[in-house]
Amino acid sequence: MTIQRKSSRFSLESLALPVIQAPMAGGPSTPALAAAVSAGGGLGFLAAGYKTAAATKAEIEAVRALTGAPFGVNLFVPQPSVISAEALQQYARTLEPDAERFGVSLGEPRHDDDDWDNKVEVLLDLAPAVVSFTFDIPDAAVIAALRERGICVVATVTGRGEALQALEAGADALCVQGPEAGGHRGTFDAAGASPEVGLHGILEELRDLEVPLIAAGGITTAADSRAALAVGAVAVQAGTAFLRADEAGTKAAHRAALAAPDRFTTTEVTHSFSGRNARGLLNEFMRRHDGDAPRGYPEIHHLTTPLRAAAAAAGDPDWLNLWAGVGYRSTVEGPAASILASLRP
Ligand SMILES: Cc1cc2nc3c(=O)[nH]c(=O)nc-3n(C[C@H](O)[C@H](O)[C@H](O)COP(=O)(O)O)c2cc1C
């Protein structure tokens, strides 16, 4: 006899607060931040990008030790190499003086898959409530296996073509990322231009699809949340707003820069740090290298890693990536719970 079990898959509509703390790789996302947001009625996220499978497992266990509330884990989908050895060497030559300034060598510009298979195994094993992907969508078989484990699968998309591909592959929900967003753009084509259509315009284009839409990009106030829900989103996903949370692992130089809007007066999209489009506070590194940087992720990410780490250690905000969305001027310091409450639509 087969017993029909009601699906226990997490549904975005079940959130007490329709506010998701964006996964933020590179330090800001911590188990404490995810747990605080989830325990507060929103949805916290871990960022597995750049982490090993073992570290990802440990972080999932750490959130579970802090809260029984549902949370998500985000993965970078590996992509093919798009850069030549010559282009890498040429860019490395232009970066040498910057590395010398901090007394470090540039990193090895390797292409890798970010421990993909092992991380998927960890997710299948530990089954967090939600798994989201960015930079592409995985094979339909991976999505099917995650769904089989009861996981709600979210695909990050930046336009209609990507949305249709994600639905075809079996995603349960779409995280719609507008060009206002801080951090990397999730465009499937790493070399592709960022669409000029803003978040609300993209949401309008996707409203007819019968799938829950999460709105991401430039959301730092309750009014921003309300406006996104009014154009069809079921929840908002905010990253920059949580960068200054007490529980976030944001580097001190990054925090200080966000709190200095007179010094860092605007954000821009750059591929000079990682080889892929990302929005951050405009600093000296971007001014010098936006003109000569080729596209090539993750090779350029690895090439600039030691330089960025040394700048962060020296507390020098001009030589590391200061990811931030267009709403950075409205961000505040404080406990994640109060930032979450300030985003309540
Ligand atoms: C510091 C930082 C790191 C990020 N890292 C990731 C990541 O690891 N995975 C991901 O899907 N999105 C990442 N994002 C993008 C967010 O998911 C989200 O799209 C963005 O933060 C929304 O825009 P906002 O920053 O204006 O709120 C990152 C954003 C920031 C600011």
Side-chain angles (χ1 to χ4, degrees), residues 19-30 33-34 37 42-51 56 59 72-77 114 119 130-138 153-158 162 166 171 173-188 194 198-199 202 213-221 224-225 227-228 233 235-245 248-251 253-255 257-258 267-270 273-274 276-281 297-298 301 308 312 320-331 339-340 342-343:
V19 179
I20 300 170
Q21 163 251 312
M24 292 186 282
S29 276
T30 60
L33 179 61
V37 171
L43 186 73
F45 249 97
L46 291 173
Y50 312 133
K51 295 209 170 84
T56 302
E59 289 208 345
V73 181
N74 171 264
L75 253 64
F76 293 165
V77 180
D114 205 31
K119 281 194 270 204
V130 182
V131 168
S132 76
F133 296 101
T134 190
F135 298 166
D136 205 343
I137 33 169
V153 175
V154 178
T156 305
V157 299
T158 63
E162 292 171 358
L174 303 178
C175 176
V176 181
Q177 189 197 40
E180 301 90 343
H184 281 112
R185 303 257 22 237
T187 39
F188 295 1
S194 282
L199 172 63
I202 307 173
L213 303 177
I214 300 164
I219 292 166
T220 47
T221 66
D224 295 335
S225 299
V236 297
Q237 175 163 309
T240 303
F242 286 101
L243 278 172
R244 298 174 67 196
T250 312
K251 293 174 180 73
H254 192 175
R255 274 182 195 269
L258 288 163
T267 64
E268 272 185 19
V269 173
T270 181
F273 287 110
S274 70
R276 214 184 200 288
N277 280 348
R279 184 177 292 281
L281 298 176
Y297 179 90
H301 161 81
R308 291 180 286 119
L320 73 146
N321 50 307
L322 304 170
W323 296 155
V326 297
Y328 75 99
R329 283 169 185 273
S330 339
T331 61
I339 294 171
L340 177 67
S342 76
L343 294 169

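Every number for a ligand or one of its atoms is a count from 1 in the order of the listing.
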Is there side-chain contact between I20 and I214, with at least one heavy-atom pair below 4.5 Å? yes

Flag side-chain contact, heavy atom, 4.5 Å: K119 against D114: yes

Just jot down the ligand 1 atoms closer than 4.0 angstrom to any heavy atom of A25, in number order. 3 (C), 4 (C), 5 (N), 6 (C), 7 (C), 8 (O)

Using a plain distance cutoff, I'd like to know if N74 has any nitrogen or oxygen under 3.5 Å from a nitrogen or oxygen of ligand 1. yes

Distance (rounded to the nearest 0.5 Å) between F133 CZ and T156 OG1: 9.5 Å

Ligand 1 contact by P23, heavy-atom criterion under 4.0 angstrom: yes

For H301, all residues meeting ring pair (Phe, Tyr, Trp, His ring centres under 6.0 Å), sequence neighbours excluded: Y50

Taking only non-hydrogen atoms of F76, do any sit less than 4.0 angstrom from ligand 1? yes

Looking at every heavy atom in both G44 and Q21, which two are closest together, and how far apart are they? CA-OE1, 3.3 Å

So is V326 polar-close to ligand 1, meaning N/O to N/O under 3.5 Å? no

What protein heavy atom lies closest to atom 4 (C) of ligand 1? Include the residue and the distance to one decimal. M24 CA, 3.4 Å

N/O separation below 3.5 Å, W323 to ligand 1: no

Looking only at heavy atoms, is any part of T240 under 4.0 Å from ligand 1, and if so is it the side chain, the backbone, or both, or is it neither? both

Of the non-hydrogen atoms in L199 and A216, which two are nearest, and what is the gap between them? CD1-O, 3.4 Å

Taking atom types as modelled and ignoring hydrogens, do the side chains of H184 and S274 form a donor-acceptor contact shorter than 3.5 angstrom? yes

Taken in chain and number order and not counting sequence neighbours, the residues that satisfy salt bridge (charged side-chain N to carboxylate O under 4.0 Å, His left out) with K251 are none

Which of the numbered atoms in ligand 1 are under 4.0 angstrom from any heavy atom belonging to G325? 26 (O)

Any idea which of A216, A278, G218, G182 brings a heavy atom closest to atom 20 (C) of ligand 1? G182

Which atoms of ligand 1 are found less than 4.0 Å from any heavy atom of Q237? 17 (O)

Check whether any side-chain heavy atom of F76 lies under 4.5 Å from a side-chain heavy atom of Y297, and answer yes or no. yes

Any non-hydrogen atom of G217 lying under 4.0 Å from ligand 1? yes

Winner among G239, A248, G27 once heavy atoms are compared against atom 21 (O) of ligand 1: G239

Q177 and ligand 1 - part of the residue with a heavy-atom distance under 4.0 Å: side chain

Compare G280, A181, A238 and give the one whose heavy atom is closest to atom 23 (O) of ligand 1. A181

Indicate yes or no: does an N/O atom of H254 lie under 3.5 Å from an N/O atom of ligand 1? no

Minimum-distance protein heavy atom relative to atom 16 (C) of ligand 1: A22 CB, 3.6 Å

Quick check: closest heavy atoms across A166 and L174, and the distance to 0.1 Å? CB-CD2, 3.7 Å

So do the side chains of Q177 and T187 get within less than 4.5 Å of each other, counting heavy atoms only? no

